[in-house]
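Since the structure comes first, as C-alpha cells, the remarks are kept for the end.
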Amino acid sequence: MAKKIKNGLNKFGLTKEIVVEVLKGVSFRMKKFKKELIDEYDMSFSNKNLSEIIGKIMEKVCADTFTQKLSFEVKRARVDKDPDLTFTEIDTPMEIKITSTDKSWTGGEFSKRPFDYLLVSWGGNFDEFFCCLVHLEKEDWKSNFQNNFYGPSLPAKTVYEKKDKVVFFGNFEITDRGTVKIKREKVVS
C-alpha cells in the first residue's frame with residue numbers, strides 16, 4: 001500500500017510505480033483499440049479524438065489501479081460535470097488532461113476550476129508518455145477566446161515553473177531557443 005501523506009500533492013499517495021502501472025494499462029488498451037478498430041476497419045481519428053479516447057481509458061484505469069493500490073475507492077466521473085477522479089478517503093477531486101503535443105494542454109474555456117491535475121502527453125504507438133501531478137488555478141490557463149478558439153491553453157513552461165509539481169514519468173526539455181517542451185518516455189509492458 002502506498003504511503004498517504006496529508007499535505008501537498010502527495011495527499012493522494014501516488015508513486016511513480018503506481019502511475020507507470022496506469023500508463024502500461026492505457027498503452028495496452030490503446031494498442032488493442034488500434035489493432036481491433038483503427039487498423040481492422042481502416043479508420044482514422046484526429047489526435048484530438050484519440051486524446052479524448054485516451055482520457056476516458058485513463059479515467060477507468062486510474063480509478064481501478066488507484067483503488068487497488070491505495071486500498072480505498074477512487075471514483076471516476078460518470079457524467080461530464082463531475083471531476084474525472086474523486087479520492088474518497090480524502091474527499092478530493094483530480095482532473096486528467098491529455099495532449100498529443102509536446103508544448104501544451106488545452107482545457108474548456110468555462111471549466112477552468114482550481115484542481116489538482118494529472119497532466120499526460122502521449123505519443124509513439126501509444127507507448128510514449130509524460131505524466132505529472134500539479135495544482136492549477138484559473139489564472140494558469142491562457143485564454144484563447146479572443147482569438148476565436150474555445151479552449152484555453154496551459155503551456156509546458158507554466159507547468160515546468162511550478163515548484164510543487166510531481167513528475168512521475170518523462171521530463172521537461174529546454175530547447176536551444178529557451179522554450180520548454182514536454183519530453184516523453186517509452187513505457188515498457
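Only a predicted model underlies this, so the values are computations on that prediction, with no experimental measurement involved.
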- Exceeds 12 heavy-atom contacts within 6.0 angstrom, atom NZ of Lys32: no
- Please collect all ring-ring contact (aromatic ring centres under 6.0 Å, His included) contacts where either partner lies in residues 16-38, sequence neighbours excluded, each pair once. Phe33-Phe45
- Task: Starting at CE of Met94, measure out to CZ of Phe66 and round the result to the nearest 0.5 Å.
- Result: 6.0 Å
- Query: Do Ile182 and Leu119 have side chains that get closer than 4.5 Å, going by heavy atoms?
  - Reply: no
- Item | Under 3.5 Å donor-acceptor, Thr158 side chain and Leu154 backbone | no
- Message: Applying side chain to side chain contact (heavy atoms under 4.5 Å, CB included), can you list everything that pairs with Lys34, at least two apart in sequence or on another chain?
- Response: Ile38, Asp39, Asn125, Phe126
- Query: Under a 4.0 Å N-O cut-off, is there an ion pair linking Lys24 with Glu21?
  - Reply: no
- Item | Side-chain heavy atoms of Arg78 within contact of Arg76, under 4.5 Å | yes
- Phe12 ring center within less than 6.0 Å of Phe87 ring center: yes
- Message: Test your reading of the model: is there a side-chain donor-acceptor pair from Asp140 to the backbone of Glu137, 3.5 Å cut-off?
- Response: yes
- Less than 4.0 Å between a side-chain N and a carboxylate O, is that true for Glu52 and Lys56? no
- Query: So does Asp82 pair up with Lys75, basic N to acidic O under 4.0 Å?
  - Reply: no
- Task: Fit a plane to each ring of Phe130 and Trp105, take the angle between them on a 0 to 90° scale, and name the class: parallel (under 30°), tilted (30 to 60°) or perpendicular (over 60°).
- Result: tilted
- Item | Donor-acceptor contact present, side-chain Thr88 to main-chain Glu73, <3.5 Å | yes
- Query: Taking only residues two or more places apart in sequence, or in another chain, which ones meet Lys165 in a side chain to side chain donor-acceptor pair (under 3.5 Å)?
  - Reply: none
- Query: Going by heavy atoms in the side chains, are Trp122 and Asn47 under 4.5 Å from each other?
  - Reply: yes
- Could you tell me whether the side chain of Ser27 and the main chain of Leu23 form a donor-acceptor pair under 3.5 Å? no
- Query: Under 4.5 Å between any side-chain heavy atoms of Asp102 and Glu173, yes or no?
  - Reply: no
- Message: Please check: side-chain N/O of Thr99 versus main-chain N/O of Ser104, any donor-acceptor pairing under 3.5 Å?
- Response: yes
- Can you tell me if Asp84 uses its side chain to pair, donor with acceptor, with the backbone of Ile96 under 3.5 Å? yes
- Is any side-chain heavy atom of Ile54 closer than 4.5 Å to a side-chain heavy atom of Ser51? no
